[in-house]
Amino acid sequence: MKESYRLAGDDVLIKASLDGDKLAFGEIVNRYRRMVARTVKGMLGDSVYAEDIGQEVFVNLYNSLSGFRGEAKLSTYIQRIAVNLTLNEIKRRKRFFSMFSHKGGDELSEYEIADPENEEKREAKEIVNKALMSLDPKFRIIVAMRMLQGYSTKETAEILDLPLGTVLSRLSRAQEQLKEKLKKL
Amino acid sequence: MKPSEIKKLITGALDERNDTEEIPAILEDAGVSYDFREGFAEKIADRLFGSVLTLKRDTEFKRNLNYAFYRIAITGVAAIIILMISIFIMQDSFSFNSFLGLGDSYDESIVYLITGN
């Protein structure tokens, strides 16, 4: 049963999930968890909060699945939930932790740090994370969409529900901000 | 992948003219991969279908309590600082007496009351 779901299309999985098939929803989770992780962890860093938000994304998805009409791709729908929850979390954390200079977003994956053979990979991840974290969240989300998800500016605008012009201007400002910061990394 | 190449990739992703479709795969090969920890799917299943619903509420409660604590703590610290500043402005000192709102003559008047001299 589970094996057959690996090859099933998103529409089949959605229908089966709505019928209460836990395995079908499990397949949706496995199919999109890395995509969600790229958005959430790219924005929040590899922290406990990111794990919580990741779970929240799929719980929200499950609860709103009956309202999914299939007008957009399932991946886009999930991405929107992930973006909204992540930005909300950033706002919430900013409100409460900014005065403590809490930099939870800079935390790196402990299992990657613990592996000495992956020094080069660790360094690569550190550069990407530091570059992302040095940006303001509204620029960071656009860079994460482009760099970590590979979306075009048009797709990014659709997912973030922003005018294309806004995405382009933010991208250009992010470019300016990062130019100097990358030299120091 | 060398750091300079990673930086080049990042800069490339920021250029609107560039096609970014391949960048995630290249980054992944370079070690920039993201995933949730082990047991992630199980935790979601538990939250949705299991009896861990109470646990979820517990966790949320603890999280909210944490946030509330920070709020109270920050307000408390701010109040203490304001109080100290106002005392310093009014009394020109930080002595114990000034905190109690007593003047310097306090000791003498106590002695006078007790001994009558």
Side-chain angles (χ1 to χ4, degrees), chain A residues 22 25-26 29-30 33-42 46 50-52 54-56 58-59 62-63 92 95-97 99-100 109 111-112 118 120-129 131-132 142-143 145-153 167-168 171-172 174-175 178-179 182-183 185, chain B residues 1-50 52-53 56 59-60 62-64 66-75 77-78:
Chain A
K22 295 170 192 175
F25 190 72
V29 173
N30 283 328
R33 60 182 279 174
R34 286 167 73 86
M35 180 192 82
V36 172
R38 282 197 294 270
T39 299
V40 176
K41 292 197 168 184
D46 197 357
E51 294 282 328
D52 285 349
Q55 287 177 35
E56 209 64 51
F58 288 102
V59 170
Y62 186 81
N63 292 331
R92 193 152 71 159
R95 223 181 297 146
F96 292 105
F97 296 112
M99 50 188 84
F100 294 100
S109 158
Y111 41 87
E112 301 238 4
N118 281 337
E120 205 173 67
K121 288 185 172 185
R122 191 197 61 79
E123 199 178 359
K125 191 164 184 177
E126 203 176 316
I127 291 171
V128 171
N129 280 347
L132 282 168
I142 287 167
V143 178
M145 289 289 115
R146 299 259 303 158
M147 186 170 69
L148 303 179
Q149 305 286 7
Y151 290 127
S152 66
T153 39
V167 171
L168 290 174
L171 199 58
S172 146
Q175 200 171 10
L178 269 183
K179 219 176 247 176
L182 279 174
K183 281 181 196 167
L185 292 177
Chain B
M1 198 179 256
K2 288 176 189 166
S4 59
E5 290 172 304
I6 293 287
K7 288 175 190 176
K8 214 174 172 182
L9 256 184
I10 297 172
T11 319
L14 297 174
D15 192 333
E16 54 165 298
R17 292 163 298 183
N18 288 349
D19 184 8
T20 50
E21 213 173 338
E22 303 294 321
I23 294 179
I26 300 171
L27 282 176
E28 203 146 311
D29 284 344
V32 188
S33 60
Y34 297 89
D35 197 358
F36 295 108
R37 290 177 191 167
E38 257 179 63
F40 176 76
E42 288 75 14
K43 279 179 193 163
I44 292 168
D46 275 347
R47 282 180 66 172
L48 288 171
F49 316 113
V52 189
L53 218 65
K56 180 200 156 192
T59 320
E60 270 176 14
K62 277 178 200 161
R63 215 163 127 189
N64 290 336
N66 249 341
Y67 285 135
F69 172 75
Y70 276 115
R71 265 188 170 171
I72 294 163
I74 292 160
T75 317
V77 168

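This one's a predicted model, so the numbers in the text were calculated from it and none came from an experiment. Protein chains get the first letters and strands the later ones, always in sequence-line order, with residue 1 at the start of each.
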* Structure fact -> Interface check, chain B: of A/Leu132, A/Val40, A/Leu178, A/Thr39, most non-hydrogen pairs under 4.5 Å belong to A/Leu178
* Using a cut-off of under 4.5 Å for heavy-atom pairs, which of A/Val29, A/Thr153, A/Leu148 has the most such pairs with chain B? ->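 Going by pairs under 4.5 Å, I would pick A/Leu148.
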To the nearest 0.5 Å, how far apart are [atom1] in [X] and [atom2] in [Y]?
X       : Y        : atom1 : atom2 : value
B/Lys2  : A/Glu120 : NZ    : CD    : 8.5 Å
B/Ile10 : A/Gln175 : CD1   : CD    : 12.5 Å
B/Glu16 : A/Leu168 : CD    : CG    : 4.5 Å

* Interchain contact, B/Ile6 with chain A, by part (heavy-atom threshold 4.5 Å) -> side chain
* Note: A/Asp52-B/Lys43 ion pair, threshold 4.0 Å (strictly below) ->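 Here A/Asp52 does not pair with B/Lys43 in a salt bridge, since their nearest N and O are not under 4.0 Å apart.
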* **Heavy-atom neighbours of B/Glu5 CD exceed 12 at 6.0 Å** =>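 Above 12, so yes.
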* Asked: With chain A, which of B/Asn66, B/Thr11, B/Ile26, B/Leu27 has the greatest number of heavy-atom pairs at distances under 4.5 Å?
  -> B/Leu27
* Structure fact -> Most heavy-atom pairs under 4.5 Å with chain A, out of B/Ala41, B/Gly12, B/Ala30, belong to B/Ala30
Work out which heavy atom in [X] is nearest to a heavy atom in [Y]; give both atom names and the distance.
X       : Y        : result
B/Pro3  : A/Ile127 : CB-CD1, 3.4 Å
A/Glu51 : B/Asp35  : OE2-O, 4.4 Å
B/Arg37 : A/Arg33  : O-NH2, 3.6 Å

Given a strict heavy-atom distance threshold of 4.5 Å, which part of [X] is in contact with chain B: side chain, backbone, both, or neither?
X        : answer
A/Tyr151 : backbone
A/Ala131 : side chain
A/Gln149 : backbone
A/Val36  : both

* Please test B/Leu48 against A/Phe58 for side chain to side chain contact (heavy atoms under 4.5 Å, CB included), starting from the C-alpha separation and ending with a verdict. => CA-CA 9 Å; B/Leu48 288 171; A/Phe58 288 102; 5.9 Å; no
* Just by distance, do the side chain of A/Arg146 and the backbone of B/Asp15 share a donor-acceptor pair under 3.5 Å? ->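 Between the backbone of B/Asp15 and the side chain of A/Arg146 there is a qualifying donor-acceptor contact (under 3.5 Å).
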* Asked: Where the side chain of B/Thr20 meets the backbone of A/Met147, is there a donor-acceptor pair that is under 3.5 Å apart?
  ->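 It does not hold such a pair.
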* Looking at residues at least two apart in the chain, or sitting in another chain, which of them share a salt bridge (Lys or Arg N to Asp or Glu O under 4.0 Å) with B/Asp29? -> none
* Residues in salt bridge (Lys or Arg N to Asp or Glu O under 4.0 Å) contact with B/Glu28, at least two apart in sequence or another chain ->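 In terms of salt bridge (Lys or Arg N to Asp or Glu O under 4.0 Å), with neighbours along the sequence ignored, B/Glu28 is linked to A/Arg34, A/Arg38.
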* **Flag side-chain contact, heavy atom, 4.5 Å: A/Val128 against B/Tyr34** => yes
